[in-house]
Protein chains: 2
Amino acid sequence: MKTETKPQETCPVKITIDLISGKWKPNILYYLGEDTQRFGQLQRKIPSISRRVLTLQLKELERDYLIQRKAYLSPLKVEYSLTQEGRSLIPILISMKQWGEVYLASR
Amino acid sequence: MKTETKPQETCPVKITIDLISGKWKPNILYYLGEDTQRFGQLQRKIPSISRRVLTLQLKELERDYLIQRKAYLSPLKVEYSLTQEGRSLIPILISMKQWGEVYLASR
DNA sequence: CGGAATCCCCGTAGATACTG
DNA sequence: CAGTATCTACGGGGATTCCG
């Protein structure tokens, strides 16, 4: 009945949580789930985030293969979009959103 | 600033993440999902956690209504179990576990 | 425009020792 | 058995300034 593995050192749940638990990462992933976004677009949509922190969070998300960075020179700009893996995370974020709404409503 | 952005201040996703992103909380919830656990049982099943930190994480989980604490005097012991809300979180933890396993396998 | 370089604050959690 | 009490280390993230 229980072909259970104990939570290992590399606990998959913990891995998943760590990937998305930056303070602004859910927001960023949310907007990238809607569409490709430029750095400045994200900045405007998340007004309270600083350039520095936005840069850091984007770098981490890119390092973790959840998003892709594309730099252009002609019109100087940078575009971010979800990778396949990032996109596959969206359903989980949606469940968490729904759970969180119920949780907030009941408190 | 009055601009209503879609991910609100009280982003439900962020709430959910924060509730479970203590370093040991997924492990604790995992074991409580199996059965009621005494303090010492949790300690033995998560050997690398200290009593202090286990206490803290349990207190937070209790404060957030995810687990319940029951103290007994006759045989001096304390038992922890999931609340209804905590139990409703398990499916999400399972999705995260599955996603994390795929993620780890592909890297 | 999209960063990089510093500096600082604060919260999480580790180590260790003591207790009802 | 199931905690408390300190003291400390580390790292994320905020504010500000400079750069190709």
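This is a predicted model, so every value here is computed, not measured. Order of the sequence lines sets the chain letters (A, B, ...), proteins ahead of strands, with each chain counted from 1.
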Scanning both residues in full, the closest heavy-atom pair of Thr83(A) with Gly86(A) reads OG1-N, 3.0 Å
Any salt bridge (Lys or Arg N to Asp or Glu O under 4.0 Å) involving residues 10-22 of chain B? Give me the pairs, sequence neighbours left out, ordered by first then second residue.
Lys14(B)-Asp18(B)
Restricting to side-chain contact (heavy atoms from CB on, under 4.5 Å), what partner residues turn up for Gln43(B), sequence neighbours left out?
Phe39(B), Arg51(B), Leu54(B)
Need two values: the first and the last nucleotide of DNA chain D, 5' to 3', having an atom under 4.0 Å from any heavy-atom of chain A.
dG13(D) to dG20(D)
As a check of understanding: the bend across the helix from dC1(C)-dG20(D) to dG20(C)-dC1(D), end axes from five pairs, rounded to 10 degrees, works out to 50°
ILVMFWY clustering at 4.5 Å (side-chain atoms), partners of Leu73(A):
Leu76(A)
Taking only residues at least two apart or on different chains, which pairs with a member in residues 82-107 of chain B satisfy ring pair (Phe, Tyr, Trp, His ring centres under 6.0 Å)?
Trp99(B)-Tyr103(B)
Could you tell me whether Tyr72(A) contacts a base, only the sugar-phosphate backbone, or nothing, with contacts defined as non-hydrogen atoms closer than 4.0 Å?
nothing
Residues sharing Tyr72(A)'s hydrophobic cluster, by side-chain heavy-atom contacts under 4.5 Å among ILVMFWY, directly or via others?
none
In B/S/- notation (B base, S sugar-phosphate only, - none; protein heavy atoms under 4.0 Å), nucleotides 11-20 of chain C written 5' to 3' is --BBB-BB-B
Separation of Arg44(A) atom CZ from dC1(C) atom C1', in whole Å?
10 Å
Heavy atoms only, 4.0 Å cut-off, all strands: where does Lys59(B) land among base, sugar-phosphate and nothing?
sugar-phosphate
Here the salt bridge (Lys or Arg N to Asp or Glu O under 4.0 Å) pairs for residues 62-88 of chain B, sequence neighbours left out, are Arg107(A)-Glu85(B), Lys77(B)-Glu79(B)
Would you say Thr36(A)'s side chain and Ser81(A)'s backbone share a donor-acceptor pair under 3.5 angstrom?
no
Just how far, in rounded Å, is C1' of dG3(C) from CD of Gln43(A)?
10 Å
Using the test side-chain contact (heavy atoms from CB on, under 4.5 Å), find all partners of Leu56(B) that sit at least two apart in sequence or belong to another chain.
Arg52(B)
Connected to Val102(B), directly or through other members, by ILVMFWY side-chain contacts below 4.5 Å are none
Find the distance Lys70(A):NZ to dC1(C):P and express it as a whole number of Å.
21 Å
Among residues two or more places apart or on two chains, list those pairs meeting ring pair (Phe, Tyr, Trp, His ring centres under 6.0 Å) that have a residue in residues 46-65 of chain A.
none
